[in-house]
Amino acid sequence: MRRDVRILLVGDEGVGKSTIVTSLIKESYVSHVQHIVPEVTIPPEVTPENVTTYIVDSGAGPQDRQHLESEIRKAHVICVVYSIDNPNSFDRIPTYWLPNFRQLGVNVPVILVGNKIDLRGGEVTNEALEDEIVPIMNEFKEVETCVECSAKLPLNVSEVFYFAQKAVLHPTAPLYDSRDHVLKPACVNALKRIFKLCDKNKDGLLDDAELNEFQRVCFDAPLQLQELEGIKEMVREHAEGGVRDNGLTEAGFLYLHTIFIQRGRLETTWTVLRKFGYAEDLRLTESFLLPRFDVPHDCSVELSPLGYHFFTDIFETYDKDQDGALKTSELEEMFSTSPGNPWANQRFPDTTLVDDTGAVTLQGWLAQWSMTTLLDHKTTLAYLAYLGYPDEPRTSALQITRPRKVERRKGKSTRNVFLCYVCGAAGSGKTSLLRAFAGKPYRETYEPTSKPISVVNAVAIDGSEKYLVLQEFGARYESETLRSSKKTELPDAIVYVYDSSDTNSFSYISNLRQQYSLDHIPTLFVATKSDLDLALQRHEVQPDVYCRRLGLQVPVSVSVKTSQTADVFHVICSIAMHPNSAIPGGAERASSATARLRMYVTWTALLGGVSASLLMMYRTLLRPGGPFGNWGSQWAGWLLGGRREL
């Protein structure tokens, strides 16, 4: 929300602009004031809205025009002052002042201020005011309201600036159509979403407990029983269908906010909207959707126990038929408070576990969110907001793992979600392996992978349950991924897949390993299509010998077609948990390679320093014509790599 408000007073000469400002500051009438009062700054603690307020006076003479236009462009709200004893000053509002603002390209709230009501002859109220103002408000939507005051009495002077503040901090225009006297569609949609989020049991009603929780969240104070009954009674009288079974319906909730706005209590509706993350354009703010959450290098993000608890609760809430799975209609209802299914373009639900009807099971639901959090934790953060995660900070639903290098030094990973790259030649069976992992049936027809695929499932290992994410990239994206050192730091394991019945399949992954730097990743080789005749691979050594030379276990043979997967997914999880057991060449080789690299960098730096020192010595002591003459030149040339004889 804005932390300052700049209020500009404009109007014809003699309407009392400067007197209004002076009366506010002095809290009494001052008969003689200067032509233009200097800018006034009111500190936040003095104002009801707790914001710094700047009040700017202006002149209407030709000599003031340039300064006036500059101030109009800087203003957050403009008060157009007219005098009730000067009809021409009122008539010029729709014919001069308001068109002038538009001509300058200014679109800010406008408050009409009728001054000098003390001249009305004892009557300080104007019964015809609405009839006079409504035509102007219908033509100029920027006009928020009209306030009549007297700087002389003084009367309603502070209200002028209060309404001006409210017009900026709690604007009417985004919420309410003043011509048709209804909430605007964007406001209706936002309030409907808030109603759904507050309806915890999803019965279409806000019962007393839910209303009290709503009140606590938005206003930090519960409603008394008498207040609750009073609200419901008012809704019963004026809004058909607003109360049902002693609970507030969506229609009743919208009616309440309509009444708040019509009675000038826009701050109530805006407080609710802002508490649920809405900005003035009635869109959820980026800072609300994505609170700060720093992830250190070499760490990954997982759901915390609180996160798993929330996604379990929301699954059970929307599983209306209690069959242990979410069908399409239930998923659509769940995501109705969000932009939509976050995995709509990711082959969901083929990416996770479903039941026989294709509905997502609880295990599949939690696995899918585990994968999403690992691969793109910002999506999870945003959807926690969309779906109504109740706790603050929302980042408590996530947790950060230890750095991968630290875990590899210790020889065991404590992560709960592992990422595994699956690489291999086209047609080697990578996609079939991924589909089998996600519990999908085998497909006889071959479909080349055109874009990356990710699937997830839970694996029971060492008395605990881990989530394993398998990623395949397809020929188009595989080299791009493996070429990037940043992307090859991400996986906990890499699986090389080859078709054991294709003589050329293994050479593809052998070339892949030679082409890219991948030996720091725990590695497993998988031989697919074991139900077919074994082919001799066209490679200098056969796969089992190749693996032994690398200090790795021999390839795991599988046949997805005959459902013989040899517990390969358990093996993948095992090497991810115990990374040093599957480093090509052994853990010692990996650590020694790192040490050699570190030593090389150190010696390069040292030798560079020595060379620089010798060069400096040559230039000062051994240069030709120096103290050591030609001998010095010959000696230095030999030392620095020349061919001269001594």
Side-chain angles (χ1 to χ4, degrees), residues 293-312 314-315 342-343 346-353 360-384 389 394-408 410-422 433-434 437-439 452-473 481 486-495 521-522 524 568-579 582:
F293 188 72
D294 298 325
V295 182
H297 173 70
D298 206 31
C299 298
S300 63
V301 183
E302 300 176 351
L303 287 175
S304 70
L306 286 174
Y308 281 114
H309 180 72
F310 170 74
F311 283 117
T312 300
I314 201 169
F315 178 97
W343 316 298
Q346 299 174 23
R347 305 190 184 195
F348 178 83
D350 284 350
T351 54
T352 191
L353 288 185
V360 181
T361 64
L362 176 59
Q363 185 180 4
W365 171 253
L366 296 179
Q368 184 73 25
W369 279 113
S370 298
M371 176 169 68
T372 301
T373 307
L374 177 71
L375 301 180
D376 181 14
H377 71 271
K378 290 184 178 180
T379 294
T380 300
L381 265 180
Y383 270 79
L384 286 166
Y389 182 74
R394 202 178 326 121
T395 51
S396 64
L398 307 182
Q399 63 187 22
I400 297 173
T401 64
R402 292 191 307 184
R404 187 174 282 104
K405 288 180 181 178
V406 172
E407 293 197 318
R408 287 184 180 171
K410 294 179 178 295
K412 184 174 182 179
S413 175
T414 58
R415 300 180 179 211
N416 298 308
V417 188
F418 296 116
L419 174 62
C420 174
Y421 288 174
V422 180
L433 192 67
L434 266 65
F437 183 52
I453 302 172
S454 301
V455 300
V456 63
N457 202 341
V459 177
I461 184 169
D462 292 353
S464 63
E465 189 174 72
K466 305 290 184 181
Y467 288 104
L468 177 62
V469 177
L470 301 183
Q471 274 194 332
E472 176 199 354
F473 304 100
T481 302
K486 186 175 181 180
K487 290 182 179 178
T488 56
E489 288 178 352
L490 300 177
D492 300 283
I494 186 166
V495 169
I521 310 172
L524 180 70
V568 65
F569 308 116
H570 185 279
V571 176
I572 296 171
C573 254
S574 180
I575 68 171
M577 287 181 66
H578 306 282

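If you read the sequence from its start, that first residue is 1, and numbering goes on from there.
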When rounded to the nearest 0.5 angstrom, what distance separates [atom1] in [X] from [atom2] in [Y]?
{"X": "S304", "Y": "F310", "atom1": "OG", "atom2": "CZ", "result": "11.5 Å"}
{"X": "L366", "Y": "H309", "atom1": "CG", "atom2": "NE2", "result": "12.0 Å"}
{"X": "C420", "Y": "I494", "atom1": "SG", "atom2": "CD1", "result": "7.5 Å"}
{"X": "Q368", "Y": "T373", "atom1": "CD", "atom2": "OG1", "result": "10.0 Å"}

Under 3.5 Å, is there a donor on one side chain and an acceptor on the other for T380 and T372?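 Short answer, no.
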
Donor-acceptor pair, distance only, cut-off 3.5 Å: does the side chain of [X] make one with the backbone of [Y]?
{"X": "E302", "Y": "T401", "value": "no"}
{"X": "D298", "Y": "K405", "value": "yes"}
{"X": "T351", "Y": "R347", "value": "no"}
{"X": "R404", "Y": "E489", "value": "yes"}

By side chain to side chain contact (heavy atoms under 4.5 Å, CB included), which residues pair with [X], not counting sequence neighbours?
{"X": "P305", "value": "Q399"}
{"X": "L490", "value": "L419, Y421"}
{"X": "Q346", "value": "W343"}
{"X": "T361", "value": "L353, D355, Q363"}

If you compare all heavy atoms of [X] against all heavy atoms of [Y], which two are closest, and at what distance to 0.1 Å?
{"X": "Y389", "Y": "S396", "answer": "OH-OG, 2.9 Å"}
{"X": "I572", "Y": "I575", "answer": "O-CG1, 3.1 Å"}
{"X": "I400", "Y": "V295", "answer": "CD1-CA, 4.3 Å"}
{"X": "V360", "Y": "P349", "answer": "CG2-CB, 3.8 Å"}
{"X": "A493", "Y": "I521", "answer": "C-CG2, 3.6 Å"}
{"X": "R415", "Y": "C299", "answer": "NH2-CA, 4.0 Å"}

Applying side-chain hydrogen bond (donor to acceptor under 3.5 Å, both in side chains), can you list everything that pairs with T352, at least two apart in sequence or on another chain? none

Excluding sequence neighbours, so at least two apart, what forms salt bridge (Lys or Arg N to Asp or Glu O under 4.0 Å) with [X]?
{"X": "K487", "result": "E480"}
{"X": "R408", "result": "none"}
{"X": "D376", "result": "none"}
{"X": "R402", "result": "E407"}

Any non-hydrogen side-chain atom of T312 less than 4.5 Å from a side-chain atom of W365?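 Counting from C-beta outward, T312 and W365 never come under 4.5 Å.
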
Is any side-chain heavy atom of V455 closer than 4.5 Å to one of V469? no

Would you tabulate the side-chain donor-acceptor contacts of residues 456-465 under 3.5 Å, counting partners in other chains and residues two or more places apart, or write 'none'?
unit_1, atom_1, unit_2, atom_2, d
N457, ND2, F437, O, 2.8
S464, OG, I461, O, 3.1

Going by the side-chain hydrogen bond (donor to acceptor under 3.5 Å, both in side chains) test, which pairs reach into residues 570-579, not counting sequence neighbours? none

All ring-ring contact (aromatic ring centres under 6.0 Å, His included) counterparts of F293, not counting sequence neighbours: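 Here the qualifying residues are H377.
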
